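Single-structure report; data block below.
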Amino acid sequence: MAADIRVENLTVTADGASGSKLLQGINITFHAGRTTLITGANGAGKTTLLESIAGLRTLESGTVRYGDYPLWSEGKLQQRALLEFGIAQQRSSSGWFRQTIREELSYSMHPYKIAEERLEARMVRCLEEFGLEPAEQMLQREPWSLSGGQQRRLTLACLTAAEPSWLLLDEPTAGLDDEGISLLRRLLNRQAERGDGAVIITHDLDALWQVADDIVVLEDGRIREACSAAEWAERFSRDEEYAAEGVRLPESVRTAALLRIKRGELAGEKRMAGTAKPLSAAELAAVIARRVKDGSGGKMYEREAVTAAGDAGGQAYEAKSHSHLPVDKTTKLWERWSQRDPRALWLAYILVSFGLLIQQTWIGAVLGLGVAAAVAACLFPLVRPFRVLIKMYLAALVVTPVIAGLELNPPGFSLADAEPPLFRLFRLFQVMLLGLPLLGLMTPFKLQRAIEQSLLALRLNPSASRAIALMISLLFRFIPLLLSEWARFSKIAVARGKQAVMPGKVPIRMLHTVIIPYMHALLRMADLMSNSLEIRGFGNMKRVKRAVKLKLDRRDAEFIAAAAGVMLLLWSAALLQRFL
């Protein structure tokens, strides 16, 4: 029998500029042998919670434990716990990277050290179990060649082949037909019978209500309530107004609630508990018809507060339905700068970079570093995603001068040879530090429009101007796609390969197996992008009429003037040092 999953004081922060709390103070225990459904409005933190349990998210604080085994220990993922979880993400295609279904199934089973002679039989059995037949032919096909519903079934087949103790499923019914949903329910029943568990994110409570043991409702990154499915249904059946935002009740629960409505309440009379009789079938049908007609049949209400049982100990706590995580009311500097015209941002960057690069002494370079560091500190949320790149550059900043200064005959070190490359790299580091947050301050659309308008102002050919602007904007848009695709391979390494690596990283021992699939994935994205552009008519338009035209305003002028002031300050410092 599997062990319970215990989540204690879990807090997760978003990557990127916002740094907002995605989850805060989560305390809950998922019990083995039971199926738990997690529901709530979009953006409530459901997927973040599931990915945190599976080791795909870095935790700001708190712990996740499988029985007595922590998921994280001394800042590292523990493979012992990872092997107990099998996760299926919302988009099935995000998990594929091999060329055939056989290779995908083999990769999923590899961490579990299954005997070679049993692999083929298990592959065939799992495919047939989820209706992917004939299995022998399916094994030779590419995963991407399957339909959306078939890919969802293949995801479940890969999980079944590995036989983890816990299934972590994100919207598993999406794309499945009735037969597929029945197969999913059969899988969950078998999982519970073995004493194993399942945690499922879903908005389709009707499809999985038959197998649900417990219900967890998330709201604004917190647990609004956690209780058994029977208790949850009982609350709704007795109180029609008991509901949570973004939660659609199962049809059976809504029907039960209507059955308990009393004659006096429906007639608009004062409710008197215990004196009214239940509705007859005809009366109930009339009530439902009337409510459907006036649009109130499916209306959901909000309740000011509900009491939820948190962890296994049954400790009760109160969560307000309208409570939100703390929000900073002040507008951050990077948010104000993001409202500037991209042309103003680029011109300011060029001006300040010029001031940094004209420094010829270490005093001026240190002054320039102060300017660059001050800007980077103000825009730290936009610089934070580039921490790895900054560390790599700093390593090169140290290693390159050391190599340049080495002398072999006779052995020694020349400071005079090491200083020039160190100084040049030091200045370039400042320019890089200044430019890293630049793209985060503008959208690809605004960047494209700014480049296009600038080129047209130079009286260049309109078609050529639009082509150049589109090419540059696509280039800058493709760079984040490269990073996100690499992050996808990192998730595959943890979720399916059970590699104990930090989220966002791919283990070195896995590089030789992912480079070719990574290049294939990039080519596939480029092909999809090309098709999208063709569908939208790019390349066939003689004249283009833009609905949006950027205009420089007074604040843009003030921004450029401030950058020019900084440049003049740095220039003056460089000239002063020359005469001293």
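All values derive from a computational prediction rather than experimental measurement.
Between Q89 and E51 there is a side-chain heavy-atom pair separated by less than 4.5 Å. Annotation: side chain of L208 is in contact with side chain of L188 (closest heavy-atom distance under 4.5 Å).
Ion pairing between a basic and an acidic side chain is recognised when a charged N comes within 4.0 Å of a carboxylate O; R194 and D196 show such pairing. R224 has a carboxylate O that lies under 4.0 Å from a charged side-chain N of E219, or vice versa, which qualifies the two as a salt bridge.
Formation of a donor-acceptor pair under 3.5 Å by the Q137 side chain with backbone atoms of P134 is not found in this model. Judged purely by atom type and a 3.5 angstrom limit, R6 uses its side chain to pair as donor or acceptor with the backbone of G67. Of the possible polar contacts, one joining the D4 side chain to the A32 backbone as a donor-acceptor pair under 3.5 Å is found.
A side-chain contact (heavy atoms from CB on, under 4.5 Å) with L169 is found for exactly one of I87, V199, L184, namely L184.
With sequence neighbours left out, R102 forms a side chain to side chain donor-acceptor pair (under 3.5 Å) with E120. Partners of R152 by side chain to side chain donor-acceptor pair (under 3.5 Å), not counting sequence neighbours: none found. Here R153 pairs with F130, L132, L176, D177, E179, L183 under the side chain to side chain contact (heavy atoms under 4.5 Å, CB included) rule; sequence neighbours left out. The side chain to side chain donor-acceptor pair (under 3.5 Å) test applied to R190 returns E129, not counting sequence neighbours. Remark: A121 engages no residue in a side chain to side chain contact (heavy atoms under 4.5 Å, CB included) (not counting sequence neighbours).
Between F97 and Y107, the ring planes lie perpendicular to each other; the angle is over 60°, past the 30° to 60° tilted range.
Note on residues 159-174: pairs passing side chain to side chain donor-acceptor pair (under 3.5 Å), not counting sequence neighbours, are T47-D170, E84-S165, E171-H203.
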